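Following: one structure in structure tokens, then a few remarks.
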Amino acid sequence: MRVSGKPYRTVWMPDAATVRIIDQRRLPWAFELIELHTVAEVAAAIRDMAVRGAGCIGATAAYGMALAVREARSAADLQALAAQLIATRPTAVNLAWAVNLQLEAIRDGGPEIARPTAERVADEDAAACAAIGQHGLHLLQDLAARHPGRPLNILTHCNAGWLAFVDHGSATGPIYAAHAAGIPIHVWVDETRPRNQGVRLTGWELAQEGVPHTVIADNAGGHLMQHGLVDLVITGADRVTRVGDAANKIGTYLKALAARDNGVPFYIALPSSTFDWSLSDGIREIPIEQRNAEELTHAEGIDESGRESTLRIIPAGSPVANYGFDVTPARLITGLITERGICPASEDGIRKLYPEAV
Ligand code: MRU
């Protein structure tokens, strides 16, 4: 996508020893690129969420493995560096998927295969999101035709935009495609506490692309649905089981419940790298990341002079729990928008699109 008219991906390798990323911790206050030269630096960037979003951390880890082959002195070293990357964040399966794909490729093709494999992971991630955009476009075209004369109101949670992938985005793929096709769209952007990826990242992305949107507090979605102000919900996912249960940013489940209660279609958009074919019970089996208390107790922003600053918003005496993700059961999901098309969130539906996998 473009930033101030210049096309960017979220992560790339300008040379064999460097991984370059957009530092998402600085957005929307500053657009800054940073360079990573070691696996430890890549792991820290993922852990500290300089890069975040399932597809983006998968691609970043794949590039990290291209640095790992330069650092490793033995096969055991390489395994340890791979484990270091995988351990950074537990919920998004794209991370382990990309690292394991690299380990297999390197075992069969030698260390020189690591960089082209990382490029392939990144290219396929971008291509999958572009295809998700086209499949989702048909869905939005149909819905828009049912509501002539007004914009289609889409609610999204967190950031499943191009910043969460290499390019295009999953939940935003159909939105950008519809906007480009001239379909009037308006997006309700959940703030997404505690890190505010909705307002800070999705809001920024949509503004860059000129897509009309409104930021809302996380708890406003149910009210909007009760008043007919949401035509559909589209979110991304960090891990989807083979039966269609979907882990995504904390709060997604509550949106799905409200959507079901109000007859609003609820879609999850994901590339196939987000499926975990080994799991069938999302609530019991998907590992849910718990992050540090400071994300909840403190808020980042800019002060009146435009200077970035951090403010304590929860008193020191109150203990906090910071669950990063929740699981939306398949029964609450209207459909999965994938790079191969849209399917029901069920084992049968998924198997029809991915017969080789389940
Ligand atoms: O904690 P984050 O910012 O990495 O969480 C991101 C999300 O929950 C996204 O919605 C998710 O990764 C799906 S889109 C890749």
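Since we're looking at a predicted model, the values are computed, not measured. Residues: numbered from 1 along the sequence shown.
Between the side chain of H157 and the backbone N or O of V233, no donor-acceptor pair lies under 3.5 Å. Using a distance-only test at 3.5 Å, with no hydrogens or angles considered, no donor-acceptor pair links the side chain of K352 to the main chain of C343. With T18 contributing its side chain and D15 its backbone, the two residues share no donor-acceptor pair below 3.5 Å. Checking side-chain atoms of T60 against main-chain N and O of C56 turns up a donor-acceptor pair under 3.5 Å. Remark: side-chain polar atoms of H37 are paired, donor with acceptor, to backbone N or O of A17 under 3.5 angstrom. For E339 (side chain) and C129 (main-chain N/O), no donor-acceptor pair under 3.5 Å exists by modelled atom type. In terms of modelled atom types and a separation under 3.5 Å, the side chain of H138 and the main chain of G136 share no donor-acceptor contact. Between the side chain of T117 and the backbone N or O of I113, at least one donor-acceptor pair lies under 3.5 Å. One N or O on the side chain of Q24 and one on the backbone of L163 form a donor-acceptor pair closer than 3.5 Å. Between the side chain of N153 and the backbone N or O of V230, no donor-acceptor pair lies under 3.5 Å.
More than 12 non-hydrogen atoms from other residues, nucleotides or ligands lie less than 6.0 angstrom from CZ of R312. Within 6.0 Å of CG in D77 there are more than 12 heavy atoms belonging to other residues, nucleotides or ligands. Within 6.0 Å of CZ in R150 there are more than 12 heavy atoms belonging to other residues, nucleotides or ligands. Residue Y323 qualifies as open at atom OH: its count of foreign heavy atoms under 6.0 Å is 12 or below.
Using modelled atom types, one finds no donor on one side chain facing an acceptor on the other under 3.5 Å when comparing T241 with D276. Using modelled atom types, one finds no donor on one side chain facing an acceptor on the other under 3.5 Å when comparing H135 with T338. No side-chain donor-acceptor contact under 3.5 Å links D190 and T192. One side chain, N322 or E295, offers a donor N or O that lies under 3.5 Å from an acceptor on the other. Side-chain contact, S309 with D303: no donor N or O sits under 3.5 Å from an acceptor N or O.
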Practice task
Begin from the C-alpha positions of H168 and M1 and carry the test side chain to side chain contact (heavy atoms under 4.5 Å, CB included) through to its verdict.
Solution key: CA-CA 6 Å; H168 305 296; M1 304 296 285; 4.1 Å; yes
Exercise for the section: Decide yes or no on ring-ring contact (aromatic ring centres under 6.0 Å, His included) for Y8 and W162, but give the supporting numbers first. Expected result: CA-CA 10 Å; Y8 281 95; W162 72 274; 7.4 Å; no
Handout entry: Evaluation steps, side chain to side chain contact (heavy atoms under 4.5 Å, CB included), between R195 and R52
Key = CA-CA 11 Å; R195 287 188 71 102; R52 32 65 55 204; 5.9 Å; no
Exercise for the section: Just do the side chain to side chain contact (heavy atoms under 4.5 Å, CB included) check on V51 and T10 with the steps written out, would you? Expected result: CA-CA 8 Å; V51 282; T10 52; 5.8 Å; no
Practice task
Just do the side chain to side chain contact (heavy atoms under 4.5 Å, CB included) check on E285 and S280 with the steps written out, would you?
Solution key: CA-CA 8 Å; E285 294 176 333; S280 55; 4.2 Å; yes
Handout entry: Check against salt bridge (charged side-chain N to carboxylate O under 4.0 Å, His left out), E300 and R25
Key = CA-CA 10 Å; E300 295 173 352; R25 295 166 302 187; over 6 Å; no
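For the pair K255 and F266, the cation-pi test (distance below 6.0 Å, angle within 45°) is failed.
Screening L27, V3, T172 for a side chain to side chain contact (heavy atoms under 4.5 Å, CB included) with E205, the sole residue that qualifies is T172.
Cluster membership for I132 and L270, using ILVMFWY side-chain heavy atoms within less than 4.5 angstrom, is not shared. Note on L143 and M225: separate hydrophobic clusters, where clusters join Ile, Leu, Val, Met, Phe, Trp and Tyr whose side-chain heavy atoms are under 4.5 Å apart, directly or indirectly.
Rounded to the nearest 0.5 angstrom, I286 CD1 and T91 OG1 are separated by 8.0 Å. Rounding to the nearest 0.5 Å gives a distance of 5.0 Å between CG of L103 and CD of Q79. The OG1 atom of T310 lies 8.5 Å from the CD atom of E308; values are rounded to the nearest 0.5 Å. The CG atom of D245 sits 11.0 Å away from the CZ atom of R242 when rounded to the nearest 0.5 Å. Rounded to the nearest 0.5 Å, atoms CG (L257) and OG1 (T328) are 8.0 Å apart. Rounded to the nearest 0.5 angstrom, L224 CG and L229 CG are separated by 5.5 Å.
Under the 4.0 Å criterion applied to side-chain N and carboxylate O atoms, E356 and R340 are assigned as salt-bridge partners. R284 and D281 are joined by a salt bridge, as a carboxylate oxygen and a charged side-chain nitrogen come within less than 4.0 angstrom of each other. Using a cut-off of 4.0 Å between Lys/Arg side-chain N and Asp/Glu carboxylate O, R193 and E191 are scored as not salt-bridged. With respect to the salt-bridge test (charged N to carboxylate O, under 4.0 angstrom), the residues R351 and D348 qualify. Taking 4.0 Å as the cut-off between side-chain N and carboxylate O, R89 and D48 do not count as a salt-bridged pair.
Partners of T156 under the side chain to side chain contact (heavy atoms under 4.5 Å, CB included) rule, at least two apart in sequence or in another chain, are A171, V187, T202.
I350 has its side chain within reach of W277: a pair of non-hydrogen atoms, C-beta onward, lies under 4.5 Å apart. Residues L140 and P174 have side chains in contact (heavy-atom distance under 4.5 Å, counting atoms from C-beta outward). Proximity of I175 to I154: side-chain heavy atoms (C-beta onward) are separated by under 4.5 Å at one or more points. Counting only heavy atoms from C-beta outward, the side chains of F31 and W204 approach each other to under 4.5 Å. Counting heavy atoms from C-beta outward, H227 and H223 have side chains that approach closer than 4.5 Å. For the pair L78 and M65, the minimum side-chain heavy-atom distance is below 4.5 Å. The shortest side-chain heavy-atom distance between L36 and I21 falls under the 4.5 Å cut-off. In this structure the side chain of R239 never reaches within 4.5 angstrom of the side chain of F275, judged on heavy atoms.
Hydrophobic cluster membership of I314, counting Ile, Leu, Val, Met, Phe, Trp and Tyr whose side-chain heavy atoms lie under 4.5 Å apart directly or via other members: L296, I313, V320. Annotation for W97: hydrophobic cluster partners, listed by chain and number, are L101, V121 (ILVMFWY side-chain heavy atoms under 4.5 Å, direct or chained).
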